[in-house]
Structures are given as structure tokens and as C-alpha cells.
Number of protein chains: 2
Amino acid sequence: MTTGETETPPRRRDAAKTRQLLLDSAIQRFTRDGYAATTVRDIADDAGVNVALISRYFKSKEGLFEACLTSSVDEMRRTAGDDTPLNRTPEAIARQIAGPCSRGVPYHLVLLLRSSGDEAADRIRLGLLHSYSERLAAAAGAAPGDQDMLLRAQVVLAAAAGIALLRTKAGMEPLASATEADFVPPLRDLVEALLKPR
Amino acid sequence: MTTGETETPPRRRDAAKTRQLLLDSAIQRFTRDGYAATTVRDIADDAGVNVALISRYFKSKEGLFEACLTSSVDEMRRTAGDDTPLNRTPEAIARQIAGPCSRGVPYHLVLLLRSSGDEAADRIRLGLLHSYSERLAAAAGAAPGDQDMLLRAQVVLAAAAGIALLRTKAGMEPLASATEADFVPPLRDLVEALLKPR
DNA sequence: TTTTGAAGTCAACATCTGTTTACCAGCGTT
DNA sequence: AACGCTGGTAAACAGATGTTGACTTCAAAA
């Protein structure tokens with residue numbers, strides 16, 4: 001055989017699809033390795049396209065990172081979104097936090113933790129974190145403007161982010177290989193304790 | 001005046017002190033910006049010495065990072081150390097987590113979260129995280145080998161790390177500028193809920 | 001079929017980054 | 001005072017990295 005691999009047909013030209021391919025690869029890399037440790041060549045290779053296309057479609061590496069954040073934020077709003085607050089029992093919240101760290105809320109939270117030093121990216125990040133924590137506070141039955149409960153909601157959010165990070169990165173047992181079912185009971189306790197009506 | 005700044009006398013020659021200067025600057029940078037986003041020139045400039053000294057005293061950037069972790073771990077063991085478990089009430093634990101994020105446990109935890117991709121560094125990190133979580137579980141009255149309680153202790157640790165990270169990085173209000181006193185009540189609730197004897 | 005514009009590639013660029021090598025300067029010893 | 005050792009500096013190197021501009025190739029419109 002002439003080519004080393006199982007010959008993929010030369011990939012029909014499609015700007016939108018290529019853009020999405022780059023976006024997906026970038027999200028994976030940025031989430032796993034962080035902004036600074038990821039090179040545009042890594043991303044392009046993962047996507048199987050040429051490096052120059054990153055500059056073309058996203059203007060720059062920072063532009064690509066912003067696009068990743070925006071995409072992640074959108075998907076987060078869609079999936080973990082604006083369903084009725086009544087549904088958001090501690091159990092349901094805990095289950096979201098405990099979800100698989102390869103996708104879902106924990107996955108997005110880890111990306112949200114990544115920083116590029118770019119100001120626009122920081123605003124996007126802050127926007128989601130803040131709105132999410134407000135929804136969390138509301139779900140706990142807090143009146144709008146209840147700063148104490150808002151702080152507690154943000155503590156929950158921060159805790160979820162930290163847990164997601166350590167689950168994937170540190171390899172600390174038994175946390176690293178605990179199943180979703182293992183996580184729900186402690187996390188339910190955590191959410192209940194922090195978000196209980198006062 | 002001939003020099004632009006308030007003339008410091010040309011810094012007496014002292015290898016140990018210079019080494020420590022580099023270590024301090026490196027810890028600050030690595031903690032704030034992460035491993036990949038920090039350059040050895042940044043560190044050297046902060047310390048006011050020549051870049052080449054990093055290679056001399058720490059062999060390489062990775063060597064310096066390992067030294068930072070080791071130093072941080074040592075100090076953590078010393079300060080938040082092996083005092084009698086009886087003293088470690090939920091209140092005391094919460095107070096440690098709520099401490100100033102510019103030093104103390106939260107500060108060290110953020111550095112511990114940083115990754116260089118280096119295997120030796122990962123071992124150091126993992127070592128502390130694991131031993132710390134075991135002490136936490138023991139303080140909660142868990143029998144040795146109680147995997148369930150160990151998992152809960154690691155959740156506490158991860159939560160503390162996430163909170164420390166978001167406190168310093170994201171600028172999310174009211175969390176970012178909450179005082180130590182603001183943090184203690186919610187964190188006491190968190191610790192009690194997760195580490196209560198079962 | 002020819003034309004045309006967009007999709008994709010290639011190679012070069014300027015800069016940055018970690019590291020090394022050769023050199024200089026202070027301080028104690030003899 | 002001369003020596004030597006060690007702390008410190010400067011400059012250069014090789015490789016990596018983000019970005020750009022010219023070029024090629026494909027597919028649809030004319």
C-alpha cells in the first residue's frame with residue numbers, strides 16, 4: 001500500500017465543517033492542557049487541517065480560544081439551561097456536578113477555568129459564571145439581591161469546578177476513578193448544606 | 001540622579017539567598033499564571049538576577065518548578081501540619097480553607113493545581129494531595145481504609161482548591177472580594193456536611 | 001468548457017523561549 | 001598583592017511558536 005493509514009477520502013471541501021473540526025479539537029486541547037500549553041499546530045494536526053486555517057477562521061489563537069469559550073457557554077446554557085428552577089433540587093444539581101468529566105457540566109467548567117490572559121475571554125468566562133451562580137441562588141429560593149446566598153452559590157460552583165479539575169488531572173485515588181454514582185451522595189450533601197434555605 | 005530607581009546597594013553575593021529569591025519569584029509566577037504561561041525570564045526579572053542562574057541552581061525550568069512544589073509542600077506540612085487530629089474541628093478546617101488566598105493553604109493549593117506535564121512534579125503533587133486527604137479523613141474520625149470517607153475528604157480538598165482558584169482568578173463578585181469572615185460560615189457547613197461521621 | 005472565487009496548502013517570517021558557553025567581578029586565602 | 005574560587009552577567013544558539021502572504025486545487029457558476 002502506498003499510504004500508511006486507512007485512507008480517508010480527501011475530505012470534501014466545507015468551510016463550516018472544517019471550522020467546527022478546529023473548534024472541537026481546540027476545546028479538547030484547551031480543556032485538557034490549558035491555553036498556554038497548547039500550540040496551534042497541535043490543534044490543526046488533531047483536526048487534520050493546515051495551521052493557517054486557524055488564522056483564517058478565527059483570526060488568531062486568542063480568537064479561537066474565545067470561540068471555544070462562547071461555544072462551551074452556549075452549549076452549557078442549552079443543556080444545563082433555563083429549565084424551571086423548581087426542578088433544580090439538590091439531587092439534580094449534584095447529579096449534574098457528578099456527571100462524566102469528559103463532557104457535560106464538569107467538562108465545561110474545566111474549560112471555563114482556563115485562562116488566556118485575554119480580556120475578552122475573561123468577560124465571557126465571568127459572564128457565564130455569574131449568571132450561572134445567580135440561577136443557582138434562585139434555585140435555592142434566594143430573593144434577588146441576596147448576597148449571602150449568592151456567595152454560597154458561587155462556592156458551590158467553585159467547588160464543582162475544583163472537583164472536576166482534580167478528577168481529571170491529578171490521578172488521586174479514589175477520587176479519580178470514582179463513578180458518577182459514588183459522587184452523588186457526597187455532592188448532594190454538599191449542595192444541601194450550602195444552598196439550604198436560611 | 002544617575003539611576004532611575006531608589007538605588008539598592010548592589011546586593012551582596014550570596015548563593016543561598018539568590019536561590020531563595022528565585023524560588024519565591026517562581027512560586028508567585030507559577031501560582032498566578034501557571035507553568036506554561038510563565039517564562040524563565042519573567043522569573044529572573046522579578047528576582048532581579050540573570051536568567052542563567054535558573055539553569056545553574058535548578059538545572060532547568062522543570063527543576064525549578066519541582067523545587068517550588070517541594071517547598072510549598074514542606075511549608076504546608078509545617079503550618080497546616082501534623083497537629084493532633086482532635087483539634088481539627090470543622091470550624092478549624094473551614095478557617096484554613098477560608099484563609100487569605102495570597103498565602104496559607106489556599107495559596108499552596110492553587111500552586112498544587114498547576115501542571116507542568118513533568119512526571120516528577122506530578123508525583124510530588126499527588127503525594128501531598130493524597131496524604132492531606134488521608135489526614136482529613138482521619139480527622140473526621142474515619143477508620144484507616146474507609147474508602148467512602150476518603151473520597152469525601154478528597155471532595156473537600158478539591159472544593160477548597162476550586163474555591164481558591166476562582167477567588168483569585170475570575171473576579172466573580174461577591175466571591176472575589178469576600179472576606180475571610182464571610183467564607184467561614186458556608187465553608188463550615190460544607191465541611192460538616194461532607195465529613196460528618198457516618 | 002471555461003471561468004472564478006473560495007478552500008486549502010506551503011514555506012517563510014519574526015519573535016519568543018529554554019539553555020549553554022564564555023567571560024567578568026567580588027571575596028577570602030596565602 | 002597575587003591567586004583562585006565562586007557568584008553573577010552577557011551574548012548567542014537552537015528550536016518552537018503565532019502569523020502572514022503567495023501559491024495551488026477544487027467545485028460550482030456562466
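As a basis for the values below, the full set of heavy atoms in this structure was taken, side chains included, without hydrogen atoms, waters or symmetry mates. Every chain is numbered from 1 and lettered A, B, ... according to where its sequence line falls, protein lines coming before strand lines.
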For this session: Would you please name every residue forming a side-chain contact (heavy atoms from CB on, under 4.5 Å) with Asp74(B), sequence neighbours left out?
Result: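 Partners of Asp74(B) under the side-chain contact (heavy atoms from CB on, under 4.5 Å) test: Thr70(B), Arg78(B).
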
Problem set entry | Whole-Å gap separating P (dT17(C)) and CG (Asp42(B)) |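 Result: 7 Å.
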
Exercise. Contact boundaries of DNA chain D with chain B (under 4.0 Å, heavy atoms), 5' to 3'?
Worked result: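 Taking any atom under 4.0 Å from a heavy atom of chain B, the span is dT6(D) to dA12(D).
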
Problem set entry | Stem segments of DNA chain C by first residue number [Watson-Crick or G-U, under 3.5 Å, at least 3] |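 So the stems come out as C:1-30 with D:1-30.
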
Please list all pairs passing the salt bridge (Lys or Arg N to Asp or Glu O under 4.0 Å) test where one or both residues lie in [range], with sequence neighbours left out.
range                       : result
residues 100-116 of chain B : none
residues 118-132 of chain B : Glu119(B)-Arg123(B), Asp122(B)-Arg125(B)
residues 183-193 of chain B : Arg152(A)-Asp189(B), Lys196(A)-Asp189(B), Glu91(B)-Arg188(B)

Identify the pairs formed between an N or O of the protein and an N or O of nucleotides 18-22 of chain C at a distance under 3.5 Å, and give each distance.
from: dG18(C); atom 1: OP1; to: Lys61(B); atom 2: NZ; distance (Å): 2.8
from: dG18(C); atom 1: OP2; to: Val40(B); atom 2: N; distance (Å): 2.9
from: dG18(C); atom 1: N7; to: Arg41(B); atom 2: NH1; distance (Å): 2.8
from: dG18(C); atom 1: O6; to: Arg41(B); atom 2: NH2; distance (Å): 2.9
from: dT19(C); atom 1: OP2; to: Lys61(B); atom 2: N; distance (Å): 2.8

Problem set entry | Any pair counted as side chain to side chain donor-acceptor pair (under 3.5 Å), so long as it reaches residues 46-67 of chain B, sequence neighbours left out |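 Every side chain to side chain donor-acceptor pair (under 3.5 Å) pair that includes a residue of residues 46-67 of chain B, provided the two are not neighbours, is Arg29(B)-Asp46(B).
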
Result block: side-chain N/O donor-acceptor pairs under 3.5 angstrom for residues 165-174 of chain B, not counting sequence neighbours:
from: Arg167(B); atom 1: NH1; to: Ala98(B); atom 2: O; distance (Å): 3.4
from: Arg167(B); atom 1: NH1; to: Gly99(B); atom 2: O; distance (Å): 3.0
from: Arg167(B); atom 1: NH2; to: Ala98(B); atom 2: O; distance (Å): 3.4
from: Arg167(B); atom 1: NH2; to: Gly99(B); atom 2: O; distance (Å): 3.3
from: Thr168(B); atom 1: OG1; to: Ala164(B); atom 2: O; distance (Å): 3.3
from: Thr168(B); atom 1: OG1; to: Leu165(B); atom 2: O; distance (Å): 3.1
from: Lys169(B); atom 1: NZ; to: Leu113(A); atom 2: O; distance (Å): 2.5
from: Glu173(B); atom 1: OE1; to: Ser177(B); atom 2: N; distance (Å): 3.4
from: Glu173(B); atom 1: OE1; to: Ser177(B); atom 2: OG; distance (Å): 2.5
from: Glu173(B); atom 1: OE2; to: Ser177(B); atom 2: OG; distance (Å): 3.3

Exercise. Considering only heavy atoms, which members of residues 19-27 of chain B lie under 4.0 Å from some atom of DNA chain D?
Worked result: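 Under 4.0 Å from DNA chain D: no residue of residues 19-27 of chain B.
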
Exercise. Sequence neighbours excluded, which residues qualify as ring pair (Phe, Tyr, Trp, His ring centres under 6.0 Å) partners of Phe65(A)?
Worked result: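 Partners of Phe65(A) under the ring pair (Phe, Tyr, Trp, His ring centres under 6.0 Å) test: Phe30(A), Tyr35(A).
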
Listing time: all N or O pairs from protein to nucleotides 28-30 of chain C that are below 3.5 Å?
none

